[in-house]
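Data first, discussion second: the structure below is written as structure tokens.
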Amino acid sequence: MSSSVTRAAGNEPSQPAGGAPPEAAPPHATARGNAPASAPAPAPRKGAWLVRAVLAVLSGVLLYLSFPPRPLWWLAPFGIALLAGCLHGRRARAGLGLGFLAGLGFLLPLLVWTGEEVGPVPWLALVSLEALLIGLTGLGIALVSRLPAWPLFAAAVWVAGEALRARAPFGGFPWGKLAFGQADGVFTPLAALGGTPLLSFGVALCGFGLCEALRIARRHPGRTTAALAALTVAAPIGAGLAARPLVSDAAEDGTVVAAVVQGNVPRLGLDFNSQRRAVLDNHAKRTVQLAEDVKAGRVPKPDFVVWPENSSDLDPYAEPDARAVIDQAVKAIGVPVAIGAVVSPETGPLRNTMILWDPAAGPTATYDKRKIQPFGERIPMRSFVRLFSSDVDRVRRDFGPGKDPGVFDMAGSSVGMVTCFEAAFDDAVRSTVQDGAQVIAVPSNNATFGRTQMTYQQLAMDRVRAVEHSRTVLVPVTSGVSAVIRPDGRITAQTEMFTADALVAEIPLRSTRTPATVVGPLPEYALLLLAAGGLGGLLTRRIRTRRAV
């Protein structure tokens with residue numbers, strides 16, 4: 001019996017289980033189902049769209065608020081649940097638009113630091129592009145929301161969206177992964193089990209499950225349906241708690257005393273690059289002061305020291321003065337020091353290099369940064385980008401990427417180098433641990449971002465990486481916040497911003513590999529297959545329906 005005949009008989013069709021309620025026929029439609037006359041859309045539908053748009057933006061704001069420096073990690077599932085409520089049962093086009101709005105609400109405040117010294121154009125361009133990718137994620141979520149067990153597929157689609165943002169365009173920009181806001185959360189141990197993709201999946205599944213549980217509760221469900229919905233909320237929390245034994249800071253291979261030096265910069269902003277000698281002198285001076293503190297018995301003598309990225313923007317291989325300053329500081333402390341330097345070959349691109357400097361032998365091993373930041377260390381499409389901002393010409397010579405992981409033998413300890421931006425990439429950190437790192441060092445330079453939240457967002461990434469691979473993470477930063485992070489993600493020492501300082505701490509050496517380190521990208525691949533399976537199943541169903549008609 002057709003729907004028009006059913007309504008004429010005074011009966012309404014039953015509401016499909018787990019789906020959106022059918023839309024009522026407009027008042028100008030006839031009982032025989034004739035096409036409605038041309039008329040503007042009813043006001044309630046416009047109002048509903050506006051409400052959904054506002055709620056989508058609010059969902060993004062909740063995601064932003066869940067990130068450091070705020071300890072509000074628990075807001076993330078609620079942000080996902082609110083977004084799910086906006087997307088459930090919507091068409092693909094609406095999913096794209098609502099996802100884009102949620103991306104703006106999330107990333108506009110999260111990434112505001114990208115325009116700190118270069119104005120709003122790069123910030124707005126980056127946010128718009130990344131929000132569009134989140135819009136594509138919203139499209140996929142809207143589609144799979146029609147499937148049974150849709151929270152499972154929706155969470156997998158969310159991870160697929162993060163995987164896309166981590167790879168494209170221009171090599172990817174993984175900032176804003178759900179996992180990176182969870183350093184203090186109950187879900188965090190999932191990182192040790194399956195890396196950041198599994199951690200993001202757990203948070204997303206909890207949020208989508210919460211949305212489904214609330215939807216079912218409004219409809220007085222049967223016990224089985226309610227239990228299944230509740231399970232999607234409880235399962236990731238339970239899995240996080242069950243994975244806690246994987247998080248350990250036991251000293252499997254003994255302990256060492258490590259030091260990180262924060263020399264500070266003469267002033268904030270991009271102009272610090274024009275004072276390269278002053279930055280180098282600051283780090284050398286603070287290292288000499290550390291040597292004096294050791295000699296006076298105020299701090300224990302470190303076994304090795306790590307300087308930040310760009311602590312010497314003068315090439316010590318080409319600049320005798322720079323080499324002499326570094327050598328004097330290293331000889332003063334008397335232990336191996338990892339130096340962050342800009343190396344300028346006669347031909348080819350620049351190199352963002354960490355140099356292992358021995359007090360007797362001088363510079364020995366090197367590590368070239370592999371993940372080069374687009375529009376920061378290299379300028380893709382330079383002539384086109386110059387039309388929007390002349391600041392691209394501040395990068396006069398592009399940096400080139402290295403090829404191999406860098407693990408330095410520092411006084412018998414294997415210290416893996418992961419330079420700044422690289423900490424956001426799963427493969428860059430994992431490969432360093434797989435290459436034998438007992439400790440991870442993340443030398444960074446945040447001076448161009450002033451006193452923004454960027455340094456705290458990056459520090460949270462480093463904490464998640466510590467748990468993911470069960471390694472101490474040392475974070476020396478030119479201007480702060482520098483820190484020592486235990487393998488369980490706890491910060492045991494940190495500096496103030498824009499303050500010259502040195503942190504000395506006894507840290508555990510560990511060689512056991514977590515499941516996340518062993519399986520590598522396999523959990524992410526499995527979740528991508530799950531997302532593809534959901535979308536593929538939906539497509540197959542539609543094709544069969546059309547053929548049947």
Side chains of [X] and [Y], heavy atoms from C-beta outward: is any pair under 4.5 Å?
X	Y	answer
Leu108	Val112	no
Leu178	Val159	no
Arg463	Val473	no
Cys206	Thr232	no
Phe375	Pro122	no
Tyr64	Pro109	yes
Phe173	Arg165	no
Ile134	Leu107	yes

Does Lys371 make a cation-pi contact with Phe425, if we ask for NZ or CZ under 6.0 Å from the ring centre and within 45° of the axis?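 The answer is yes, since Lys371 meets both limits relative to Phe425.
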For Phe153, does the six-membered ring have the charged nitrogen or CZ of Arg146 within the cation-pi criterion, i.e. under 6.0 angstrom from the centroid and within 45° of the normal?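 Not satisfied by the 6.0 Å and 45° rule.
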Keeping the roles fixed (side chain from [X], backbone from [Y]), state whether a donor-acceptor pair exists under 3.5 Å.
X	Y	value
Ser470	Val247	no
Gln494	Ser482	no
Thr478	Pro308	no
Arg70	Phe67	yes
Gln182	Trp73	yes
Ser444	Val442	yes
Ser145	Gly89	yes
Arg465	Ala423	yes

Contact summary for [X] and [Y], nearest pair of heavy atoms:
X	Y	result
Cys211	Ala81	CB-O, 3.7 Å
Ala183	Ala460	CB-O, 4.1 Å
Pro169	Leu129	CG-CD2, 3.4 Å
Val464	Ala191	CG1-CB, 4.3 Å
Leu538	Leu143	CD2-O, 3.1 Å
Val233	Leu210	CG2-N, 3.3 Å

How long is the gap from [atom1] on [X] to [atom2] on [Y], to the nearest 0.5 Å?
X	Y	atom1	atom2	result
Leu96	Ile141	CG	CD1	12.0 Å
Phe180	Gln457	CZ	CD	11.0 Å
Leu87	Phe208	CG	CZ	7.5 Å
Phe399	Ile372	CZ	CD1	7.5 Å
Leu75	Leu65	CG	CG	6.0 Å
Phe78	Ser59	CZ	OG	14.0 Å

Between Thr455, Asn446, Thr452, which is the residue that forms a side-chain contact (heavy atoms from CB on, under 4.5 Å) with Met497?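 For Met497, the side-chain contact (heavy atoms from CB on, under 4.5 Å) test succeeds with only one of Thr455, Asn446, Thr452, which is Thr455.
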Option from Cys420, Pro401, Pro443 for which side-chain contact (heavy atoms from CB on, under 4.5 Å) with Lys369 holds: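 Going through the options one by one, the only one that passes is Cys420.
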Ring-plane angle category for Trp175 and Phe421, please: parallel below 30°, perpendicular beyond 60°, tilted otherwise.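 Plane angle under 30°, so parallel.
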side-chain contact (heavy atoms from CB on, under 4.5 Å) evaluation trace for Leu530 with Leu152: CA-CA 9 Å; Leu530 179 61; Leu152 196 66; 4.0 Å; yes
Which residue pairs pass the side-chain hydrogen bond (donor to acceptor under 3.5 Å, both in side chains) test when at least one of the two sits in residues 513-538, sequence neighbours left out?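 Qualifying pairs: Arg167-Glu524, His469-Thr517, Thr514-Thr517.
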Would you mind listing every side-chain hydrogen bond (donor to acceptor under 3.5 Å, both in side chains) that reaches into residues 185-199, with sequence neighbours excluded?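 As it turns out, the side-chain hydrogen bond (donor to acceptor under 3.5 Å, both in side chains) pairs with a partner in residues 185-199, which skip direct neighbours, are Lys177-Thr196, Thr196-Asp426.
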Under 3.5 Å, is there a donor on one side chain and an acceptor on the other for [X] and [Y]?
X	Y	result
Ser200	Glu162	yes
Gln453	Trp113	no
Arg370	Thr419	no

What verdict does the side-chain contact (heavy atoms from CB on, under 4.5 Å) test give for Thr472 and Ile485, after you've listed the backbone C-alpha separation in whole Å, the side-chain angles of each residue and the deciding distance to 0.1 Å? CA-CA 6 Å; Thr472 294; Ile485 305 170; 6.0 Å; no
Apply side-chain contact (heavy atoms from CB on, under 4.5 Å) to residues Leu82 and Ile80 and explain how you reach the verdict. CA-CA 5 Å; Leu82 184 57; Ile80 292 292; over 6 Å; no
Quick one: ring-ring contact (aromatic ring centres under 6.0 Å, His included) partners of Trp123, sequence neighbours excluded?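 ring-ring contact (aromatic ring centres under 6.0 Å, His included) check on Trp123 returns nothing, list empty.
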Under the criterion salt bridge (Lys or Arg N to Asp or Glu O under 4.0 Å), which of Asp184, Asp462, Asp249 is the partner of Arg490?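 Of all the options given, the one that passes is Asp249.
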Apply the test side-chain contact (heavy atoms from CB on, under 4.5 Å) to residues Met454 and Glu116: give CA-CA distance (whole Å), side-chain angles for both, the deciding distance (0.1 Å), then the verdict. CA-CA 10 Å; Met454 182 271 185; Glu116 178 70 11; over 6 Å; no
